[in-house]
Protein chains: 2
Amino acid sequence: MANSKLYKGSLNTIILKLLDEKGKMYGYEITQKVKELTKGELKITEGALYPALHKLEAEGLLDVEVAKVDNRIRKYYKLTDRGEKETVNRLAELEEFIRSMQNLVNPNWSIQ
Amino acid sequence: MANSKLYKGSLNTIILKLLDEKGKMYGYEITQKVKELTKGELKITEGALYPALHKLEAEGLLDVEVAKVDNRIRKYYKLTDRGEKETVNRLAELEEFIRSMQNLVNPNWSIQ
DNA sequence: TTCTTATGCATAAGATTTTTAGGTATGATT
DNA sequence: AATCATACCTAAAAATCTTATGCATAAGAA
């Protein structure tokens with residue numbers, strides 16, 4: 001099955017939610033986790049991910065902590081307090097979007 | 001409740017599906033229908049809608065038929081054969097996206 | 001031992017899709 | 001007479017992504 005497209009705007013929500021669950025993650029880890037959780041359906045490209053992380057950090061939603069593992073640099077990101085609150089809002093918006101789309105495209109949709 | 005944001009890429013799917021259901025619709029009608037179906041949650045801006053309709057038409061997915069009602073012009077759009085096939089694909093992609101997002105952001109999500 | 005793959009970061013150019021902000025015009029309501 | 005609803009449209013800017021590229025280390029295969 002070809003990988004389905006990532007609707008623009010959903011990447012930030014994905015990042016925030018994963019960090020909310022995991023506590024802290026580094027960029028490469030996020031790309032792998034998304035691939036794993038979606039069985040390869042969604043692939044986060046690095047060209048999208050890193051700028052997104054930098055922006056979320058600049059907006060004060062994420063904090064960074066640099067670590068060195070096996071002589072390689074890792075940048076661990078975690079939610080700030082504002083980031084946690086924002087995550088709640090983004091998830092609510094995503095849920096609302098999904099409900100709206102279901103009403104629009106298929107009122108009888110049974111997504112388990 | 002504030003209107004939730006439209007994830008970029010979903011507009012085309014919305015247009016195609018509405019036309020699939022209704023047979024034919026004109027632009028303004030689409031904006032009103034979306035507002036109605038989502039109880040004001042999603043608002044299709046004309047600046048996005050009209051270029052999108054023109055592009056779908058240019059791609060051969062829509063046909064246009066101009067009508068005059070009450071001395072006002074209406075442009076009715078309907079799916080071409082290719083448009084119908086494409087609609088099936090887009091809906092499958094949307095469903096896949098939704099499933100992926102559910103796995104990512106909330107494995108226990110009970111939508112509907 | 002050299003080549004490839006995996007890990008890990010990053011940026012820049014271009015494409016796509018949207019918002020924002022206008023514009024034109026008719027008919028109905030205040 | 002002014003405003004709102006209907007109905008079309010475009011252009012500039014913003015937002016977000018893909019594609020392409022770059023650097024570097026470690027591990028495994030040839």
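Each chain gets a letter, A, B and so on, in the order the sequences are listed, and its residues count up from 1. Everything quoted here is computed from the prediction, not taken from an experiment. Values reported hereafter were calculated over all heavy atoms of this structure, with side chains retained and with hydrogens, waters and symmetry mates removed.
- Judged by closest nucleotide on DNA chain D, B/Val69 is the one of B/Val69 and A/Glu46 placed further toward the 5' end.
- Checking C/dA10, D/dC17, C/dT18 against every side-chain atom of A/Lys8, the shortest atom distance belongs to D/dC17.
- Relative to the side chain of B/Leu11, the nucleotides C/dG8, C/dT18, D/dT16 differ in distance, and C/dT18 lies closest.
- Between B/Gly47 and A/Pro51, the residue anchored closer to the 5' end of DNA chain C is A/Pro51, taking for each the nucleotide with the nearest heavy atom.
- The shortest side-chain heavy-atom distance between B/Thr13 and A/Tyr7 falls under the 4.5 Å cut-off.
- Between B/Tyr50 atom OH and D/dC8 atom P the separation is 4 Å, expressed in whole Å.
- Under the 4.5 Å side-chain criterion, counting only non-hydrogen atoms from C-beta, B/Leu16 is in contact with B/Leu62.
- A donor N or O paired with an acceptor N or O is not found under 3.5 Å between the base of D/dA7 and the side-chain atoms of B/Lys75.
- Comparing D/dC9, C/dT16, D/dA7 by their nearest atom to the side chain of B/Arg72 picks out D/dA7.
- Considering only side-chain N and O atoms, A/Asn71 lies under 4.0 angstrom from the phosphate OP1 or OP2 of D/dA26.
- C/dT5 atom P lies 13 Å from atom OH of A/Tyr28, rounded to whole Å.
- One interatomic measurement links the two molecules: CG of B/Asn12 to P of D/dC17, which rounds to 17 Å at whole-angstrom precision.
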- Message: As a quick check of understanding, evaluate salt bridge (Lys or Arg N to Asp or Glu O under 4.0 Å) for A/Glu86 and A/Arg90, giving each step before the final call.
- Response: CA-CA 6 Å; A/Glu86 189 59 25; A/Arg90 304 278 180 111; 2.8 Å; yes

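- In this entry the distance linking CD1 of B/Ile44 with P of D/dA7 reads 17 Å, nearest Å.
- Applying the 4.0 Å criterion to OP1 and OP2 of D/dC8, one finds that B/His54 has every side-chain N and O outside that range.
- Under the 4.0 Å criterion applied to side-chain N and carboxylate O atoms, B/Glu36 and B/Lys33 are assigned as salt-bridge partners.
- Note on A/Ser10: only backbone sugar-phosphate atoms sit closer than 4.0 angstrom, heavy atoms only; bases stay farther off.
- Computed from coordinates, the A/Leu53 CG to C/dC9 P distance equals 9 Å when rounded to whole Å.
- Put simply, NZ on A/Lys68 is 15 Å from C1' on C/dT7, counting in whole angstrom units.
- The distance between atom CG of A/Asp70 and atom P of C/dT5, rounded to the nearest whole Å, is 21 Å.
- In this structure, of C/dC9, D/dT6, C/dG27, it is D/dT6 that holds the atom nearest to the side chain of B/Gln32.
- With a 4.5 Å cut-off on side-chain heavy atoms, B/Ser10 and B/Phe97 do not count as touching.
- The separation between A/Lys33 atom NZ and C/dA6 atom P is 19 Å, rounded to whole Å.
- Between A/Tyr26 and C/dG8, a side-chain N or O to OP1/OP2 separation shorter than 4.0 Å is present.
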